[in-house]
Amino acid sequence: MNDRMATVLADIENLNSNWSCELTDEQAKEHSFGRIRSLDEKVVKLWSVPRTTGQLLKSFVIASGAKTILELGCSAGYSTLWLIQGAIVTGGHVYTTEILPDKIALATKHFKAAEVEKYITLYQQDIMQTLNQWQHSPIDLLFMDADIPRYPDYFTKIEPLLNKKALIMVDNAVTHKTYMQVFFDKVEASNKFIMEILPIDHGIALLLKK
Ligand SMILES: C[S@@+](CC[C@H](N)C(=O)[O-])C[C@H]1O[C@@H](n2cnc3c(N)ncnc32)[C@H](O)[C@@H]1O
């Protein structure tokens with residue numbers, strides 16, 4: 001990892017503990033922005049993945065040779081920067097989506113500071129819009145870290161967009177297991193994936209295409 005990347009990652013790790021943003025009443029009503037436990041709560045945080053999860057993301061990109069990588073939920077770009085490090089090795093590209101303007105501004109700043117803009121496309125819109133407009137190659141690796149109640153709908157959209165041997169990685173598979181259940185049931189019912197839950201950090205579900 002070069003010094004620029006190391007500095008930006010350390011900056012986001014520091015920011016992760018103290019950054020917060022107060023939603024307007026209108027924003028709070030119209031979107032979850034990843035809030036799950038209490039939709040009355042108007043404060044959102046960065047909710048970046050822990051470093052170990054980032055290292056795993058990078059490693060899985062490299063090990064699988066993934067080139068077309070899609071992330072749902074960019075926040076300030078922390079997990080994205082780990083995915084990008086993998087994409088630089090595989091010759092791939094990372095597509096990500098974030099809807100909250102304050103976080104889009106942060107992520108854009110971080111991608112510039114790390115000088116990785118050519119490896120990343122940040123869609124500044126709702127995830128469903130990104131999926132509906134998808135015109136890139138089949139997805140090799142998908143990282144899901146966004147609004148969990150909508151995962152079953154995302155899965156319906158994404159499944160046909162996946163490459164034959166695609167890998168899906170899902171954060172919060174242990175910490176938010178209850179909220180995740182409808183999604184996991186849908187994945188099981190498809191009979192197309194082998195699921196392994198790694199009890200690391202927030203819990204990472206690996207969904208491997210059969
Ligand atoms: C847990 S955070 C992502 C953290 C990020 N993966 C990281 O580790 O640095 C979830 C993010 O998804 C965004 N989000 C939630 N639902 C979304 C949606 N439907 N469309 C776009 N972004 C969404 C939220 O605003 C939030 O920033």
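- The aromatic rings of Tyr95 and Trp134 lie perpendicular to each other, with more than 60° between the two planes, well past the 30° mark.
- Between Cys74 and Thr96, the shortest heavy-atom contact is CB-OG1, 3.2 Å.
- Here the side chains of His93 and Thr121 are in contact, with some heavy-atom distance below 4.5 Å.
- To the nearest 0.5 Å, atom CG of residue Leu122 and atom OG1 of residue Thr130 are 9.0 Å apart.
- Judged by distance alone, with hydrogens and angles left aside, the side-chain atoms of Asp140 form a donor-acceptor pair with the main-chain N or O of Lys67 at under 3.5 Å.
- The backbone N or O of Ile62 lies less than 3.5 Å from no partner atom in the side chain of Thr90, so there is not a single donor-acceptor pair.
- When all heavy atoms of Gly54 and Val49 are compared, the pair lying nearest together is N-CG2, 4.1 Å.
- How far CG of Leu208 is from CD of Glu196: 7.5 Å, rounded to the nearest 0.5 Å.
- The shortest side-chain heavy-atom distance between Asp145 and Trp47 does not fall under the 4.5 Å cut-off.
- Summarising the geometry of Ser190 relative to Phe155, their closest heavy-atom pair is OG-CZ, 4.1 Å, with the distance given to 0.1 Å.
- Between Asp153 and Arg150, none of the side-chain N atoms (NZ, or NE/NH1/NH2) sits under 4.0 Å from a carboxylate O, so this pair counts as no salt bridge.
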Could you walk me through whether Val61 and Val89 pass the side-chain contact (heavy atoms from CB on, under 4.5 Å) test, one step at a time?
CA-CA 9 Å; Val61 170; Val89 176; over 6 Å; no

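- Defined by atom type and a distance below 3.5 Å, a donor-acceptor pair is present between the side-chain atoms of Glu71 and Ser79.
- The closest side-chain donor-acceptor pair between Asp147 and Tyr154 falls under 3.5 angstrom.
- Counting heavy atoms from C-beta outward, Lys186 and Thr156 have side chains that approach closer than 4.5 Å.
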Val116/Leu81 under side-chain contact (heavy atoms from CB on, under 4.5 Å): CA gap, chis, key distance, verdict
CA-CA 8 Å; Val116 292; Leu81 285 167; 3.8 Å; yes

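- For the atom pair Lys165 NZ and Ser64 OG, the distance stands at 12.5 Å (nearest 0.5 Å).
- One hydrophobic cluster, built from ILVMFWY side chains closer than 4.5 Å, cannot hold both Val187 and Val182; they sit in different ones.
- Scanning both residues, Met180 and Asp171, for their nearest heavy atoms gives CE-O, 3.2 Å.
- Residues Lys209 and Leu162 are in side-chain contact: their nearest non-hydrogen atoms beyond the backbone lie under 4.5 Å apart.
- Using a distance-only test at 3.5 Å, with no hydrogens or angles considered, a donor-acceptor pair links the side chain of Ser75 to the main chain of Leu46.
- Across every non-hydrogen atom of Thr68 and Pro138, the tightest pair is CB-O, 3.5 Å.
- For the pair Asp25 and Lys42, the salt-bridge criterion is met [side-chain N within less than 4.0 Å of a carboxylate O].
- Counted within 6.0 Å of CD on Gln133, heavy atoms from surrounding residues, nucleotides or ligands total more than 12; the atom is thus considered enclosed.
- Using modelled atom types, no side-chain atom of Asn16 and backbone atom of Ile12 make a donor-acceptor pair closer than 3.5 Å.
- Under a hydrophobic clustering in which Ile, Leu, Val, Met, Phe, Trp and Tyr are joined whenever their side-chain heavy atoms come within less than 4.5 Å, directly or via other members, Met1 and Ile120 fall into the same cluster.
- To the nearest 0.5 Å, atom CZ of residue Phe193 and atom CD of residue Glu188 are 11.5 Å apart.
- When every heavy atom of Ile139 is checked against every heavy atom of Ile158, the shortest pair comes out as CD1-CG2, 4.4 Å.
- Looking only at distances, a side-chain donor or acceptor of Asp201 sits under 3.5 Å from a matching main-chain atom of Thr53.
- Taken to the nearest 0.5 Å, the OG atom of Ser17 stands 8.0 Å off from the CG atom of Leu15.
- Phe143 is not listed as a side-chain neighbour of Leu70, based on a closest heavy-atom distance of 4.5 Å or more.
- Just one residue in the list Leu83, Ile204, Leu141, Ile69 forms a side chain to side chain contact (heavy atoms under 4.5 Å, CB included) with Phe60, and that residue is Leu141.
- Looking at heavy atoms from C-beta onward, Trp82 lies in side-chain contact with Leu9 at the 4.5 angstrom threshold.
- To the nearest 0.5 Å, the span separating CZ on Phe111 from OG1 on Thr108 amounts to 7.0 Å.
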Would you sort out whether Gln125 and Glu98 count as a side-chain hydrogen bond (donor to acceptor under 3.5 Å, both in side chains), showing the intermediate values?
CA-CA 6 Å; Gln125 59 192 19; Glu98 178 53 57; over 6 Å; no

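- Salt bridge annotation for Glu115-Arg4: present, with a cationic side-chain nitrogen under 4.0 angstrom from a carboxylate oxygen.
- Other residues, nucleotides and ligands contribute more than 12 heavy atoms inside 6.0 Å of the CG atom of Asn2.
- The closest side-chain donor-acceptor pair between Tyr78 and Glu13 falls under 3.5 angstrom.
- Looking only at side-chain heavy atoms (C-beta outward), Ile200 and Leu56 come within less than 4.5 Å of each other.
- Judged by distance alone, the side chain of Tyr151 and the main-chain N or O of Ala146 form a donor-acceptor pair under 3.5 Å.
- The existence of a salt bridge linking Lys112 and Glu117 is excluded, since no basic side-chain nitrogen approaches an acidic carboxylate oxygen closer than 4.0 Å.
- No side-chain heavy atom of Met169 sits less than 4.5 Å from a side-chain heavy atom of Leu207.
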Check step by step if side-chain contact (heavy atoms from CB on, under 4.5 Å) holds for Lys157 and Leu161.
CA-CA 7 Å; Lys157 278 274 165 201; Leu161 305 176; 5.6 Å; no

Would Met195 and Leu206 count as a side-chain contact (heavy atoms from CB on, under 4.5 Å) if you check the C-alpha gap in whole Å, the side-chain angles of each, and the deciding distance to 0.1 Å?
CA-CA 6 Å; Met195 177 158 27; Leu206 298 180; over 6 Å; no

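- Atom NZ of Lys210 is surrounded by more than 12 heavy atoms from other residues, nucleotides or ligands within 6.0 Å.
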